[in-house]
Structure formats: C-alpha cells, structure tokens
Amino acid sequence: MIVTIDGPAGAGKSNAARMLAASLGFDFLDTGAMYRAVTLAGLRAQCDLHDEAALTRLLAAIRLDMPPNRVLLNNEDITSLIRTTEVTAASGAVASSRAVRTKLVEWQRAIAKDRNFVCEGRDQGTIVFPDALCKFFLFADPQERARRRHRELSARGETITCAEILQAQDERDARDAARDIAPMVPAADAIRLDSTLLALDDVVARMEHEVRRRMQSIGRDGSPS
Ligand code: DC
C-alpha cells in the first residue's frame with residue numbers, strides 16, 4: 001500500500017509523512033532528499049547541472065541508498081549535507097532534468113516495491129504512484145511556509161532573512177509548477193489539505209483517518225493500533 005503526499009516546500013510534508021508513516025506502521029520515503037543527493041553529487045563533481053549528458057554520466061556513477069531517516073551517497077552519510085542553501089538552490093535544475101527524473105522514478109518504485117510506504121515529494125501521486133491507496137496534496141500560505149523555513153534554518157545557525165527565503169521559495173514554486181516534466185500539480189484524485197492554520201498533529205490525524213478508512217474498504221486492517 002502506498003500513500004502519497006505532494007506539495008510545495010515548507011507545507012509540512014516531511015514531518016507529516018514521517019508521523020503518518022509511524023502511526024500506520026509504514027515506511028517513509030523523502031523523495032526530495034533523493035533530488036538533493038544527486039544535486040550534491042553534481043556540485044561535488046563540478047558537473048553542469050543543465051547538461052543532460054553530464055547528468056546521465058553522473059547518475060551511472062553514483063549509488064544512492066535511503067535507509068530510514070538517512071541518505072547515503074556511495075555509502076557516505078550525507079543526510080545533513082543535502083540541507084544547505086547551496087544544495088537547495090541548485091536542486092531546481094537537477095529536478096528539471098529528464099534523465100534525473102526518469103532514473104529517480106525508477107529507484108523510487110524499486111524502493112517501495114511490495115512494501116507499505118508513505119512517499120512525499122512533488123510527483124508521487126501524479127507520476128510515480130498513480131494507483132496509490134490514498135493521495136494528499138499539502139499546501140500552505142507562502143508567507144507562513146517561509147516563516148517555518150526561516151525558523152528551521154535559524155535553528156541550524158544559517159543567517160538568511162525571511163524575505164530572502166520567500167523570494168527563493170516563490171521562484172522555486174513557480175519553476176516546480178511550470179516545468180515541462182512532472183510539474184508540481186495535485187493529482188486529480190488527491191485530497192487537498194491547507195496546513196496554514198492547522199497544527200501538524202491535526203494534519204496527520206486527518207490523513208490517518210482517511211487512510212484507515214480506505215484500508216478498511218479494501219479489506220486491510222485499518223483499525224488504529
Ligand atoms: O522537498 P525538497 O525541498 O527537499 O525537494 C528538493 C528539490 O527536489 C526541489 O527542487 C523540488 C524537487 N523535487 C521534485 O522535483 N520532485 C520530487 N518528487 C521531490 C522533490
């Protein structure tokens with residue numbers, strides 16, 4: 001069984017997906033971390049991130065593993081290294097590459113094969129898992145998303161203003177939504193949730209209720225543990 005959570009950065013997808021997976025006893029896959037890992041590999045290799053041939057060569061040379069809550073690039077733990085503003089800024093180009101998307105979609109399906117997963121990203125319900133049991137599109141007011149990101153980065157000691165975050169976020173949203181390949185749009189059958197005024201617990205409770213209802217309707221045990 002697959003549950004997908006798509007939506008823009010800062011809407012609370014990662015935390016919601018992690019908590020929902022824990023309550024359901026599912027595994028959790030952060031697909032943005034995979035795009036970030038390829039971006040870090042590209043930056044390190046001084047690869048032109050707009051060059052499809054260069055990215056294809058890069059993909060053939062790397063191995064990505066996604067154990068719970070960690071990201072391994074060629075066996076090196078890069079979990080915290082992929083969260084810098086440099087990687088965030090460069091990830092848009094990598095996420096627009098057809099070669100990268102094709103390969104990562106293949107890896108994501110292989111990781112989730114025959115298992116129960118909550119997968120979060122931009123294209124999980126539309127492209128990667130069109131037959132998912134339950135799809136959510138989680139969004140929030142841009143200002144509120146920027147404030148949340150600012151709190152997160154400040155806690156990590158990064159000095160960046162909320163206005164700078166908002167501007168970069170607007171650019172990224174526009175690019176994610178407008179790109180030719182796998183644009184960030186809600187799946188037609190996705191449940192849309194606005195997290196602007198909802199606490200994370202409430203978001204997760206609503207999601208869990210809906211997933212369990214669907215599990216019961218297909219004869220899987222959807223009772224809360
Ligand atoms: O969610 P995030 O900020 O960690 O995502 C990093 C980048 O990858 C961002 O540019 C959006 C992109 N992305 C994507 O295009 N498709 C996904 N399924 C997940 C992330």
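Note that ligands are numbered from 1 as they come in the structure, with each ligand's atoms numbered from 1 the same way.
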Can you list, pair by pair, the side-chain donor-acceptor contacts under 3.5 Å of residues 132-139, counting residues two or more places apart and other chains?
unit_1 : atom_1 : unit_2 : atom_2 : d
Lys135 : NZ     : Gly125 : O      : 3.0
Lys135 : NZ     : Pro130 : O      : 2.8
Lys135 : NZ     : Asp189 : OD1    : 3.1
Lys135 : NZ     : Asp189 : OD2    : 3.4

With sequence neighbours left out, which residue pairs that include part of residues 30-39 fulfil the salt bridge (charged side-chain N to carboxylate O under 4.0 Å, His left out) condition?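 Those involving residues 30-39 are Asp30-Arg83.
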Side-chain heavy atoms under 4.5 angstrom apart, residues restricted to Ile, Leu, Val, Met, Phe, Trp, Tyr: same cluster for Val87 and Ile165?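 Looking at the clustering, Ile165 is in a separate group from Val87.
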Select all protein residues for which some heavy-atom-to-ligand 1 distance is less than 4.0 Å, and list them by chain and number.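 The 4.0 Å shell around ligand 1 contains Thr31, Gly32, Tyr35, Arg36, Arg83, Ser91, Gly92, Ala95, Arg101, Gly121, Arg122, Asp123, Gln124, Arg149, Arg172, Asp176, Arg179.
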Check Asp173 with Arg145, please: is the shortest side-chain N to carboxylate O separation under 4.0 Å?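 Asp173 and Arg145: salt-bridged.
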Answer yes or no: is there a donor N or O on one side and an acceptor on the other, between the side chain of Arg148 and the main chain of Gly10, under 3.5 Å?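 Yes; at least one donor-acceptor contact below 3.5 Å.
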Donor-acceptor list for residues 199-207 side chains, cut-off 3.5 Å, not counting sequence neighbours:
none

